[in-house]
Every structure is written in C-alpha cells, then in structure tokens.
Amino acid sequence: MLLTAVVSPSPYWFVTRGTGAVSLVLLTLAIALGVADVRRTRLVGVPRFVFDSVHRSVSLLAVTFIAVHIVTVLLDSFAPITLLDVFIPFHSPYRPIWLGLGTVAFDLLVAVTITSLLRMRLGYRAWRATHWLAYGSWPVALVHGFGTGTDGHTHWLLLLSAACVAVMLTAVVARVSAGWPSHLPARLSALGAAALVPIGLAVWLPSGPMAPGWARRAGTPTAQLVAAHGPAAAGGSASSAAGGSSSAAGGSSTSAGGSSTSAGATGPQTVSVTGTLRQAVQPDNSALIDLSLTTASGQVHNVHIRIRGQALPGGGVQMTTSRVSAGSMANPDQYQGQVTGLENTTVQANVSDGSGSHLALVAQLSLPPGDGGVSGQMTITPTR
C-alpha cells in the first residue's frame with residue numbers, strides 16, 4: 001500500500017506571488033506618475049491635478065497590495081517567517097539576505113507613507129528628503145522579488161520586470177533632466193545608479209535565481225528544502241525550490257539530516273515510530289487518510305495526520321487539505337500545522353506552537369498489508 005499523493009500549493013502561496021508582482025507594477029507606476037507630476041506633464045483634455053490624484057491613489061493601492069503580500073506570507077506555514085521579520089531586516093532564518101531586502105524596501109515605503117500623511121506638519125523640505133527613499137526602495141524590492149520568489153526563471157516575470165525597469169529608467173532620466181545642469185554631480189550619480197540596475201540584473205540573474213540550486217544557495221533552511229523537493233534539493237542537486245509558500249512536493253524523500261543524525265538541542269533528531277493508518281474512499285471519490293503515530297521522543301510523542309482529497313486511480317489521494325497535530329503525552333496538540341510533502345511512504349509536515357517554535361517532521365514509514373499498522377522512523381528538525 002502506498003501513500004502516494006500530489007500536494008497542492010497553499011492558497012496563500014498563489015496570493016503571495018500575485019500580490020508581489022502587482023505591488024512591483026503599482027510601485028513603478030506610482031514613481032513614474034510622481035515624476036510626471038513634478039515635471040508638470042500635461043495631456044490634452046486632462047487637468048494637471050489628475051496626475052497628482054492618480055499618483056496618490058496608485059501609491060495607496062501599492063501599499064495595500066504590499067500589506068496583503070506580507071499578511072499571506074505570515075499566514076503561510078511553509079516558511080518560518082514571523083512578524084518581527086517584517087520590520088527587522090536580515091533576522092529571519094529563511095533566505096535572510098533576500099527576505100531582508102524586502103524588509104528594507106517595506107521600511108522605506110512605510111517612512112514615505114507616514115511622512116506623506118504628515119506632510120503639512122513636517123514641512124516641504126523634510127517631506128521631500130524622505131520622499132526620495134521611494135527611488136531607493138524600488139530596486140531593493142525588485143531584487144527581493146527575484147531572490148525569494150518562485151518565478152525568477154519564468155518568461156512572464158522576466159518580461160514584466162524588464163518593462164518595469166524600462167519605465168523606471170525613463171522616469172529617472174526625466175527627473176534628472178529637470179533643471180539640468182545644476183547639481184550636476186548628483187544628477188550624474190543618479191543616472192549611473194539607475195544604469196547599474198539592468199546591468200546588475202543581467203549579470204546576477206543567470207547565475208542566481210535562474211540557475212539550478214538557487215533555493216539552497218539563497219539560504220532556504222534544510223527542513224523547507226526537504227519538505228518542498230526531497231533530499232536532492234537539500235543537497236543542492238535539484239532545480240530551484242519554491243520560495244514563500246512552496247509548490248508541490250515531489251521526488252522520493254528521506255529524513256531531514258539522514259538516519260544517522262544524532263539528537264541535539266537545536267539539530268535534527270531521528271526516532272522510531274509506530275502507529276496505524278486508515279484510508280476511506282467515499283462514493284463521490286473523495287478520500288480521507290488518517291494516520292496516528294507514536295514516537296520514542298519526549299518532545300513529540302504523538303503525531304496525528306489527517307489528509308483529505310480526491311482518490312487517485314492507482315491508489316493514494318490528490319490532497320486538497322491537511323491537518324497535523326503533534327505533541328508530548330501531556331499535551332498531544334501542542335503543535336499544529338500542515339502536510340508539505342507526501343510521496344510513496346514518506347510524509348513531511350511543518351508544525352508550530354503558540355510560542356513561535358517551529359518543527360519540520362519527516363516520517364519514513366513501512367506499511368505492511370492487512371492490519372493497517374505502520375512503523376518506521378521520523379526526523380524532527382527545529383526550524384526556529
């Protein structure tokens with residue numbers, strides 16, 4: 001009997017991807033419209049105040065999409081990202097550099113938003129000085145998207161990013177040319193910095209996010225690599241793993257850290273497991289898998305996994321929802337989470353408790369025919 005299943009990506013993952021791309025477009029438009037307003041651009045039949053009004057509306061819409069982007073990242077259980085990581089850069093264990101750049105971009109935009117709301121109290125000079133941060137936040141946000149996202153190698157994101165880069169270069173040239181040649185060193189520095197963006201991307205992307213093994217090199221924790229793509233990804237030989245809330249788990253998986261891993265306070269611990277498995281298929285072809293495991297670990301003694309979905313012709317289930325609870329004998333529901341990978345007889349899950357402790361569970365099971373009993377081993381890896 002096999003547990004073979006296809007793990008559907010979390011809905012939060014789709015929202016995170018979409019809002020990230022839309023936020024980049026809106027931020028690009030907001031800066032371009034701001035430049036058009038400063039240059040007093042006029043269109044036939046369109047009053048000048050329209051540019052200012054649309055610029056303000058697009059800016060607020062960009063902030064809204066960024067907020068949704070952040071909330072879905074926090075709600076997704078795949079990556080160990082907390083509210084603290086939203087405001088303090090380079091703190092998260094998940095792709096710290098690239099996620100940290102997103103935090104920097106967000107902090108800059110928060111400063112721009114707050115000073116814009118308090119513009120009348122701050123005065124024009126202070127507001128203008130802070131408003132320049134919007135230019136700096138844009139390339140940082142762009143690199144963050146490629147560094148942590150899942151679509152760095154896709155044609156649609158590359159084309160979208162190229163279009164945004166072209167709009168930004170045009171906006172910078174238009175802004176710098178206003179009042180030329182006064183403050184010439186500053187203007188030339190701005191042009192040089194703007195030119196570095198497409199050049200840097202052209203050099204970095206082929207050997208970075210577009211190259212195999214980027215997930216590992218970007219700093220994805222081993223537990224997430226195993227949960228997303230099995231041991232090949234953790235070892236760096238598989239293609240780039242998904243960021244944010246990762247995509248389907250495939251391939252044959254093994255324990256995170258291997259069966260020879262010894263127990264440690266912060267490292268992986270491999271223990272033996274026994275339990276039972278029940279699988280029921282309803283008349284509408286929906287399926288329910290109920291897996292109860294007992295381990296030799298004191299920290300995680302009981303693990304209960306419930307998977308729902310559509311039954312597959314060859315056995316197993318196309319998973320749509322899952323629920324995982326784990327804990328000690330005294331508190332069996334201390335940890336809650338979801339299944340992140342299910343292939344043959346290997347089950348992978350991420351769980352967390354109310355105090356912010358995260359665990360990656362990887363169970364390799366043996367399923368003798370007949371009585372529904374299971375046995376095997378489980379690797380428990382703290383990820384926070």
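Numbers for residues simply follow the sequence, beginning at 1. This is a predicted model, so every value here is computed, not measured.
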A.B. asks: Report, as yes or no, whether the 6.0 Å neighbourhood of atom CG on Leu160 holds more than 12 heavy atoms from other residues, nucleotides or ligands.
C.D. replies: yes

A.B. asks: Can you name the residues that form a salt bridge (Lys or Arg N to Asp or Glu O under 4.0 Å) with Asp107, not counting sequence neighbours?
C.D. replies: none

A.B. asks: What pairs of donor and acceptor atoms, side-chain ones from residues 18-26 against any protein atom, are under 3.5 angstrom apart with sequence neighbours left out?
C.D. replies:
residue: Thr19; atom: OG1; partner: Val15; partner atom: O; Å: 2.7
residue: Thr19; atom: OG1; partner: Thr16; partner atom: O; Å: 3.2
residue: Thr19; atom: OG1; partner: His69; partner atom: ND1; Å: 3.3
residue: Ser23; atom: OG; partner: Thr19; partner atom: O; Å: 2.6
residue: Ser23; atom: OG; partner: Ile66; partner atom: N; Å: 3.4

A.B. asks: Identify the heavy atoms of Pro198 and Ala194 that sit nearest to each other, and give their distance.
C.D. replies: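 Smallest heavy-atom distance, with atoms named: CD-O, 3.2 Å.
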
A.B. asks: Can you list everything that forms a side-chain contact (heavy atoms from CB on, under 4.5 Å) with Thr321? Sequence neighbours excluded, please.
C.D. replies: Arg308

A.B. asks: Quick check against the 3.5 Å criterion: does Ser357 have a side-chain atom that pairs as donor or acceptor with the backbone of Asp353?
C.D. replies: no

A.B. asks: Given 3.5 Å as the limit, does a donor-acceptor pair link the side chain of Thr103 with the main chain of Phe87, or not?
C.D. replies: no

A.B. asks: Would you check if there is a donor-acceptor pair between the side chains of Asn331 and Ser328 at a distance under 3.5 Å?
C.D. replies: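 The answer is no; no qualifying pair exists.
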
A.B. asks: Measure up the Trp204 and Phe146 rings against each other and bin them: parallel (under 30°), tilted (30 to 60°), perpendicular (over 60°).
C.D. replies: perpendicular

A.B. asks: Excluding sequence neighbours, so at least two apart, what forms side-chain contact (heavy atoms from CB on, under 4.5 Å) with Ser286?
C.D. replies: Gln282, Asp284, Gln310

A.B. asks: Can you check whether Ser325 reaches Tyr335 side chain to side chain, under 4.5 Å on heavy atoms?
C.D. replies: no

A.B. asks: Suppose the criterion is side-chain hydrogen bond (donor to acceptor under 3.5 Å, both in side chains): which pairs have a residue in residues 183-195, not counting sequence neighbours?
C.D. replies: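 Qualifying pairs, neighbours excluded: Ser182-Arg187.
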
A.B. asks: Which atom pair, heavy atoms only, marks the closest approach of Leu361 to Ala326?
C.D. replies: CD1-CB, 4.3 Å

A.B. asks: Can you list the residues that meet the side-chain contact (heavy atoms from CB on, under 4.5 Å) rule with Ser177, with sequence neighbours excluded?
C.D. replies: Arg39

A.B. asks: For the residue pair Thr72 and Ile70, establish whether any side-chain heavy-atom pair is separated by less than 4.5 Å.
C.D. replies: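 Of all side-chain heavy-atom pairs linking Ile70 with Thr72, none is under 4.5 Å.
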
A.B. asks: Closest approach of Ala171 and Val35, non-hydrogen atoms and distance?
C.D. replies: O-CG1, 3.5 Å

A.B. asks: Testing the basics here: between Gly147 and Arg95, what is the closest heavy-atom pair and its distance to 0.1 Å?
C.D. replies: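 Between these two residues, the closest heavy atoms are O-NH1, 3.0 Å.
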
A.B. asks: Does Pro332 reach the side chain of His301, with side-chain heavy atoms less than 4.5 Å apart?
C.D. replies: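 Pro332 vs His301: side chains apart.
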
A.B. asks: Looking at SG of Cys164 and CG of Leu159, how far apart are the two atoms once the value is rounded to the nearest 0.5 Å?
C.D. replies: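 If I round to the nearest 0.5 Å, the distance is 11.0 Å.
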
A.B. asks: Rounded at 0.5 Å granularity, tell me how far CG in Asp290 sits from CZ in Arg323.
C.D. replies: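 Asp290 CG to Arg323 CZ: 11.0 Å, rounded to 0.5 Å.
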
A.B. asks: Sub-3.5 Å donor-acceptor pair from the side chain of His144 to the main-chain atoms of Trp98, do we have one?
C.D. replies: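 Answer holds: yes.
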
A.B. asks: Quick one: do Val347 and Val271 end up in the same hydrophobic cluster if we chain Ile, Leu, Val, Met, Phe, Trp and Tyr together by side-chain heavy atoms under 4.5 Å apart?
C.D. replies: yes

A.B. asks: Taking side chain as C-beta onward, heavy atoms only, is Thr154 less than 4.5 Å from Leu157?
C.D. replies: yes

A.B. asks: Do Gln348 and Val339 come within less than 4.5 Å of each other through their side chains, counting heavy atoms only?
C.D. replies: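 Not in contact.
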
A.B. asks: Would Leu27 end up clustered with Val165 when hydrophobic side chains under 4.5 Å apart are linked, directly or stepwise?
C.D. replies: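 Yes, Leu27 and Val165 fall within the same hydrophobic cluster.
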
A.B. asks: Do Val71 and Val73 have side chains that approach each other closer than 4.5 Å (heavy atoms only, starting at C-beta)?
C.D. replies: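 Sidechains of Val73 and Val71: no contact.
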
A.B. asks: Consider only side-chain heavy atoms of I, L, V, M, F, W and Y, link residues closer than 4.5 Å, and tell whether Val110 and Val63 are in one cluster.
C.D. replies: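 No.
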
A.B. asks: If every non-hydrogen atom of Leu359 is compared with every non-hydrogen atom of Pro382, which pair is closest and at what distance?
C.D. replies: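 Distance-wise, the nearest heavy atoms are CD2-CA, 3.7 Å.
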
A.B. asks: Linking I/L/V/M/F/W/Y whenever any side-chain heavy atoms sit under 4.5 Å apart, do Val143 and Leu196 land together?
C.D. replies: no

A.B. asks: Could you identify which residues cluster with Ile88, counting Ile, Leu, Val, Met, Phe, Trp and Tyr as linked when any side-chain heavy atoms lie under 4.5 Å apart, either directly or through a chain of such contacts?
C.D. replies: Leu84

A.B. asks: Mind checking what makes ring pair (Phe, Tyr, Trp, His ring centres under 6.0 Å) contact with Phe90, not counting sequence neighbours?
C.D. replies: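 Phe90 satisfies ring pair (Phe, Tyr, Trp, His ring centres under 6.0 Å) with no other residue.
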
A.B. asks: For Asp333, check salt bridge (Lys or Arg N to Asp or Glu O under 4.0 Å) against everything at least two apart and list the hits.
C.D. replies: none

A.B. asks: If hydrophobic clusters are built from ILVMFWY residues whose side chains come within less than 4.5 Å, do Leu288 and Leu277 share one?
C.D. replies: no

A.B. asks: Which value, rounded to the nearest 0.5 Å, describes the distance between Ile81 atom CD1 and Leu99 atom CG?
C.D. replies: 4.5 Å

A.B. asks: Can you tell me how far CG of Leu142 sits from OG of Ser161, rounded to the nearest 0.5 angstrom?
C.D. replies: 5.5 Å

A.B. asks: Please list, chain by chain and in numerical order, all residues satisfying ring pair (Phe, Tyr, Trp, His ring centres under 6.0 Å) with Trp132, sequence neighbours excluded.
C.D. replies: Tyr135

A.B. asks: Distance from Gln377 atom CD to Thr274 atom OG1, nearest 0.5 Å?
C.D. replies: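 These two atoms lie 13.5 Å from each other.
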
A.B. asks: How long is the straight-line distance from CG of Leu74 back to CG of Asp85, given to the nearest 0.5 Å?
C.D. replies: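 With rounding to 0.5 Å, CG (Asp85) is 8.5 Å from CG (Leu74).
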
A.B. asks: Going by side-chain contact (heavy atoms from CB on, under 4.5 Å), name the residues that satisfy it together with Leu108, two or more places apart in sequence or in a different chain.
C.D. replies: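 Result, side-chain contact (heavy atoms from CB on, under 4.5 Å) vs Leu108: Val104, Leu133, Ser137.
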
A.B. asks: Under the salt bridge (Lys or Arg N to Asp or Glu O under 4.0 Å) rule, collect the residues that match up with Arg119, sequence neighbours excluded.
C.D. replies: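 Checked Arg119 against salt bridge (Lys or Arg N to Asp or Glu O under 4.0 Å); zero matches.
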
A.B. asks: Could you walk me through whether Met210 and Leu158 satisfy the side-chain contact (heavy atoms from CB on, under 4.5 Å) test, starting with their C-alpha distance in whole Å, then the side-chain angles of each, then the deciding distance to 0.1 Å, before giving a yes or no?
C.D. replies: CA-CA 10 Å; Met210 296 177 64; Leu158 293 173; 4.0 Å; yes

A.B. asks: Which heavy atom of Gln338 sits nearest a heavy atom of Val324, and at what distance?
C.D. replies: C-CG2, 3.7 Å

A.B. asks: When you compare the side chain of Asn302 with that of Thr294, does any pair of heavy atoms fall below 4.5 Å?
C.D. replies: yes

A.B. asks: Does any part of the side chain of Thr150, heavy atoms only, come nearer than 4.5 Å to the side chain of Arg17, both counted from C-beta?
C.D. replies: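 Result yes, sub-4.5 Å side-chain heavy-atom pair found.
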
A.B. asks: Does the Thr295 side chain pair with the main chain of Val300, one donor and one acceptor, at a distance under 3.5 Å?
C.D. replies: yes

A.B. asks: Could you walk me through whether Val173 and Leu191 pass side-chain contact (heavy atoms from CB on, under 4.5 Å), step by step?
C.D. replies: CA-CA 7 Å; Val173 171; Leu191 289 174; 4.1 Å; yes

